[in-house]
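This report concerns only the one structure given below.
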Amino acid sequence: MMKQKLPDPMRLALAEAHAAAARGEVPVGAALVASDGEVLAVAGNRTLELKDPTAHAEMLVIREAARRLGSERLNGCDLHVTLEPCAMCAAAISFARVRRVYFGAGDEKMGAVEHGPRFFSQPTCHHAPEVYGGIGESEAVALLKDFFRSRRS
């Protein structure tokens, strides 16, 4: 069986997810890329470290990319994240006007893109990015399962 070749930004996001797990954080990583391919920001979850419930990987890369670009709008930028974004992150993605979202694992419990509230499909959502799920899904799922299994032992 041939191993799936992942785009470099998803590889970066998965590396951040592994680093988050090593810090004891839920292993979610993200990379935000400009339309020319420049990586603007990479981050993994830091909610425990920063004592900040909003310090999800997506929020951290959106903040850093906006700071680097000097704009609250991330027009033309693409987000690669290892787990389906939650409602908070989906709202931030919409407000930032991210062009595309690529995610690895779906999240039946807290996801808000293909599960739960399906944020981008709501009539009150004023910007909906293109969404592509299942990118690097097997590695993202395995990382999450291993992390939570180790917490229960």
Partners passing salt bridge (charged side-chain N to carboxylate O under 4.0 Å, His left out) against Arg67 (at least two apart in sequence or in another chain):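 Scan of Arg67 (salt bridge (charged side-chain N to carboxylate O under 4.0 Å, His left out), adjacent residues dropped) gives Glu64.
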Under the rule for salt bridge (charged side-chain N to carboxylate O under 4.0 Å, His left out), what residues qualify as partners of Arg118, not counting sequence neighbours?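 Here no residue qualifies.
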Same hydrophobic cluster for [X] and [Y], using side-chain heavy-atom links shorter than 4.5 Å among ILVMFWY?
X	Y	answer
Leu48	Leu143	no
Leu144	Phe147	yes
Leu60	Leu32	no
Met59	Val39	no
Val98	Val131	yes

Below 4.0 angstrom, N of the basic side chain to O of the carboxylate: do Asp146 and Arg149 qualify?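 Counted as a salt bridge, because a side-chain N and a carboxylate O are separated by less than 4.0 Å.
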Taking the side chain as every heavy atom from C-beta outward, state whether [X] and [Y] have any pair of such atoms under 4.5 Å apart.
X	Y	answer
Tyr102	Val81	no
Pro129	Ile93	yes
His80	Leu12	no
Thr82	Pro27	no
Phe103	Leu83	no
Arg97	His126	yes
Leu69	Leu40	yes
Ser94	His127	yes

Does CZ in Phe95 sit with more than 12 non-hydrogen atoms of other residues, nucleotides or ligands closer than 6.0 Å?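 Counting other residues, nucleotides and ligands, CZ of Phe95 stays at 12 neighbours or fewer.
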Mind checking side chain to side chain contact (heavy atoms under 4.5 Å, CB included) for [X] and listing every partner two or more places apart, or none if nothing turns up?
X	result
Cys86	His56, Met88, Cys89
Ala19	Arg23
Met110	Asp107

Can you name the closest pair of heavy atoms from [X] and [Y] and give their distance?
X	Y	value
Ala112	Ala87	CB-N, 3.3 Å
Val61	Ala30	CG1-O, 3.6 Å
Ala41	Ala65	CB-N, 4.1 Å
Ala13	Ala31	CB-N, 4.1 Å

When rounded to the nearest 0.5 angstrom, what distance separates [atom1] in [X] from [atom2] in [Y]?
X	Y	atom1	atom2	answer
Glu130	Asp78	CD	CG	8.0 Å
Cys125	Phe120	SG	CZ	6.0 Å
Ser121	Glu114	OG	CD	9.5 Å

Please confirm whether the backbone N or O of Ala66 pairs with a side-chain atom of Glu72, one donor and one acceptor, at under 3.5 Å?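 Looks like no, no N/O pair under 3.5 Å.
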Answer yes or no: is there a donor N or O on one side and an acceptor on the other, between the side chain of Glu16 and the main chain of Gly44, under 3.5 Å?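 Checked: pair present.
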side-chain contact (heavy atoms from CB on, under 4.5 Å), that's the test. Do Val113 and Val101 meet it? Break it down for me. CA-CA 10 Å; Val113 176; Val101 174; 5.8 Å; no
Which pairs count as side-chain hydrogen bond (donor to acceptor under 3.5 Å, both in side chains) when at least one residue sits in residues 25-46, sequence neighbours excluded?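 For residues 25-46: Glu25-Thr47, Glu38-Arg68, Arg46-Glu49.
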Derivation and outcome, side chain to side chain donor-acceptor pair (under 3.5 Å), residues His18 and Glu139: CA-CA 10 Å; His18 282 280; Glu139 187 174 343; 3.2 Å; yes
